[in-house]
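Below, chains carry the letters A, B, ... as their sequence lines are ordered, and counting in each starts from 1.
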Amino acid sequence: GAVVSQHPSRVICKSGTSVKIECRSLDFQATTMFWYRQFPKKSLMLMATSNEGSKATYEQGVEKDKFLINHASLTLSTLTVTSAHPEDSSFYICSATGWGTEAFFGQGTRLTVV
Amino acid sequence: DAKTTQPPSMDCAEGRAANLPCNHSTISGNEYVYWYRQIHSQGPQYIIHGLKNNETNEMASLIITEDRKSSTLILPHATLRDTAVYYCIVRVGGIQGAQKLVFGQGTRLTINP
């Protein structure tokens with residue numbers, strides 16, 4: 001299947017700092033990318049949908065100023081957690097899909113805010 | 001997208017077939033059934049999808065009932081590496097398929113030696 005690379009796989013940051021997570025589609029053009037977060041023993045929760053070249057659409061309850069999403073090219077989307085706090089600690093996962101393709105997922109990023 | 005219902009957990013012996021059921025009684029005519037699985041601390045992995053015909057690939061088989069209100073994912077010879085949470089998701093496919101996947105709670109499948 002198609003490859004989606006997410007980086008970094010783990011990050012620890014201090015409270016109040018910002019963290020950027022990258023999601024790249026390596027062998028196909030991703031017209032749409034999705035960002036999820038997942039708490040321990042829970043299912044994935046969709047945060048936002050981003051289409052290349054346009055503003056992301058955020059799910060209800062997700063702060064757009066807190067979680068900045070950029071999808072500037074057909075192979076790269078980034079999620080920036082701004083002014084991170086311990087409650088933002090979670091497993092963040094991206095997925096990418098192109099026209100007529102299934103969604104493929106990155107490996108996930110474990111964010112720990114201390 | 002239509003809602004799906006799955007058992008929260010299942011056990012299966014190594015080497016046996018694992019049959020994972022999913023109910024999707026409100027599925028629409030243009031919605032496909034997708035299966036993903038998530039091994040601990042990894043991103044979900046695509047397994048298979050289908051519209052109304054049964055499907056088979058190198059990973060699994062998907063059996064969809066004639067009325068499309070339920071389906072079964074079959075792992076023919078389960079191994080310990082198949083231990084994961086399996087998600088059944090219904091959504092529009094094809095060129096309109098660039099749509100979000102909404103995950104339910106899934107089935108936690110444990111393969112026992």
Item to complete: Please work out which of the three classes, parallel, tilted or perpendicular, describes the rings of B:Phe103 and A:Tyr36, given edges at 30° and 60°.
Response: perpendicular
Item to complete: Would you please classify the geometry between the B:Tyr36 ring and the A:Phe105 ring as parallel, tilted or perpendicular, with 30° and 60° separating the classes?
Response: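 Perpendicular, since the angle between the ring planes exceeds 60°.
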Worksheet item: Looking at B:Arg108, B:His49, B:His40, which one has more heavy-atom pairs under 4.5 Å with chain A than the rest?
Response: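 Among B:Arg108, B:His49, B:His40, the one with the most close pairs to chain A is B:His49.
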Worksheet entry | Candidate pair B:Asn23 and B:Lys69, rule side chain to side chain contact (heavy atoms under 4.5 Å, CB included), full reasoning | CA-CA 6 Å; B:Asn23 287 322; B:Lys69 292 185 177 182; over 6 Å; no
Response to the item:
Highest number of heavy-atom pairs under 4.5 Å with chain B among A:Ser43, A:Cys94, A:Gly106 belongs to A:Ser43
Item to complete: Go through A:Met45, A:Lys42, A:Gln38 and name the one with the most non-hydrogen pairs under 4.5 angstrom from chain B.
Response: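 Ranked by contacts with chain B, first place is A:Gln38.
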Worksheet item: Which atoms of B:Gln45 come close to chain A, meaning under 4.5 Å heavy atom to heavy atom: side chain ones, backbone ones, both, or neither?
Response: neither
Item to complete: For A:Ile21 and A:Trp35, run side chain to side chain contact (heavy atoms under 4.5 Å, CB included): C-alpha distance rounded to whole Å, both residues' side-chain angles, the deciding distance at 0.1 Å, then the answer.
Response: CA-CA 10 Å; A:Ile21 302 169; A:Trp35 288 95; 3.9 Å; yes
Worksheet item: Where does A:Ile93 contact chain B at under 4.5 Å (heavy atoms): side chain, backbone, both or neither?
Response: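 Interface part for A:Ile93: side chain.
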Discussion item. If the test is side chain to side chain donor-acceptor pair (under 3.5 Å), which one of A:Thr32, A:Thr31, A:Thr57 qualifies with A:Asn51?
Written reply: A:Thr32
